[in-house]
A.B. asks: 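Here it is: the structure, laid out below.
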Amino acid sequence: MLTIYGVYRSRASRNFWLLAELGMEFEHVPVIQGYRLPDPEAEDAPFNTLSPGFLSVSPAGAVPVLKDGDFVLSESLAMNLYLARKAGGPLAPSDARENALMEQWALYGATSVESHALAIMYAHAEGRAKTPEGEAEIAAETARLRRPLGVLNSHLREHGHMVGGRFTVADINMAEILRYAQSEPGLIPAYPAIAAWLATCHARPAFKEMWERRLAEPA
Ligand SMILES: N[C@@H](CCC(=O)N[C@@H](CS)C(=O)NCC(=O)O)C(=O)O
């Protein structure tokens, strides 16, 4: 049996979205981020990333984590590539080249986009976006995103999807990374091919199912 550790309000969202697309059965163990709790080590604290029971599964102390029998895997993007390959079908790579391209885009998203997009999201979530410091931070992160977003916009304008000219796990991985940048109004709309592709990704029933479950979780 497949088990996913994490909450919908975490990077586990990208795994839950894929699992809904695949219609794959799994057990969900809710694990909240320790930093969201006043005292994650308190005896009555909910199961969290610092709980000994979770650290024994994943010493990195971060969600999401996947368990497939005795196989344990962390890193949300790697988890999605594993799940897609395990399931096979149109969301998975069809050959070694597609596989390599899906890995390429996952690594590009993780190394060139995610940290800047997250910084923008946190500036909004933590109420700094309208302060002079927050505005400067958002402007600096937006500038750092200019080249990668330009690359993605040209790629999507030409190909329509990340890999293989069809919706795949590579689209889920990149769409979930780019979602963080949507906190800044006007940023994504400046890249019309990304904006149009993201809208079609977010119109998918499996995304909506994941999103409803996320909204149902305490903020
Ligand atoms: N690169 C990792 C990042 C994992 C990560 O930082 N997870 C956050 C939640 S989205 C977390 O568990 N943080 C716990 C903490 O810092 O206490 C991945 O994509 O899975």
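Any value given below was found using the heavy atoms of this structure, including those in side chains, with hydrogens, waters and symmetry copies removed. Atoms within a ligand are numbered from 1 in the order they appear, just like the ligands themselves.
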A.B. asks: Measuring from atom 8 (C) of ligand 1, which candidate in Leu118, Val63, Asn80 has the nearest non-hydrogen atom?
C.D. replies: Val63
A.B. asks: Provide, to 0.1 Å, the distance between atom 16 (O) of ligand 1 and the closest protein heavy atom, together with that atom's residue and name.
C.D. replies: Tyr35 CD2, 3.6 Å
A.B. asks: Validate the cation-pi geometry between Arg204 and Phe167: distance from NZ or CZ to the six-membered ring centre under 6.0 Å, angle to the ring axis within 45°.
C.D. replies: yes
A.B. asks: Of all the atoms in ligand 1, which lie at a distance below 4.0 Å from a heavy atom belonging to Pro64?
C.D. replies: 20 (O)
A.B. asks: Run the numbers for me: atoms of ligand 1, each under 4.0 Å from some heavy atom of Thr49, listed by number.
C.D. replies: 12 (O), 14 (C), 17 (O)
A.B. asks: Please write down residue, atom name and distance for the protein heavy atom closest to atom 2 (C) of ligand 1.
C.D. replies: Glu75 OE1, 3.2 Å
A.B. asks: How close do Pro189 and Gly186 get, counting heavy atoms only, and between which atoms?
C.D. replies: CD-C, 3.5 Å
A.B. asks: State the atoms of ligand 1, each with its element, that fall below the 4.0 Å cut-off from a heavy-atom position in Ser76.
C.D. replies: 18 (C), 19 (O), 20 (O)
A.B. asks: What I want to check is whether the side chains of Arg85 and Asn99 have a donor and an acceptor closer together than 3.5 Å.
C.D. replies: yes
A.B. asks: Polar contacts were defined as any N/O atom of the residue lying under 3.5 Å from an N/O atom of the ligand; does this apply to Arg11 and ligand 1?
C.D. replies: yes
A.B. asks: Are Leu50 and Phe47 grouped together when hydrophobic residues (ILVMFWY) are joined by side-chain heavy atoms under 4.5 angstrom apart?
C.D. replies: no
A.B. asks: Under a 3.5 Å cutoff, is there a donor and acceptor pairing between the side chains of Ser13 and Glu176?
C.D. replies: yes
A.B. asks: I'd like to know whether Asn80 forms a side-chain hydrogen bond (donor to acceptor under 3.5 Å, both in side chains) with Trp17, so could you lay out the CA-CA distance, the side-chain angles of the two residues, the decisive distance to 0.1 Å, and finally the verdict.
C.D. replies: CA-CA 10 Å; Asn80 264 3; Trp17 178 3; over 6 Å; no
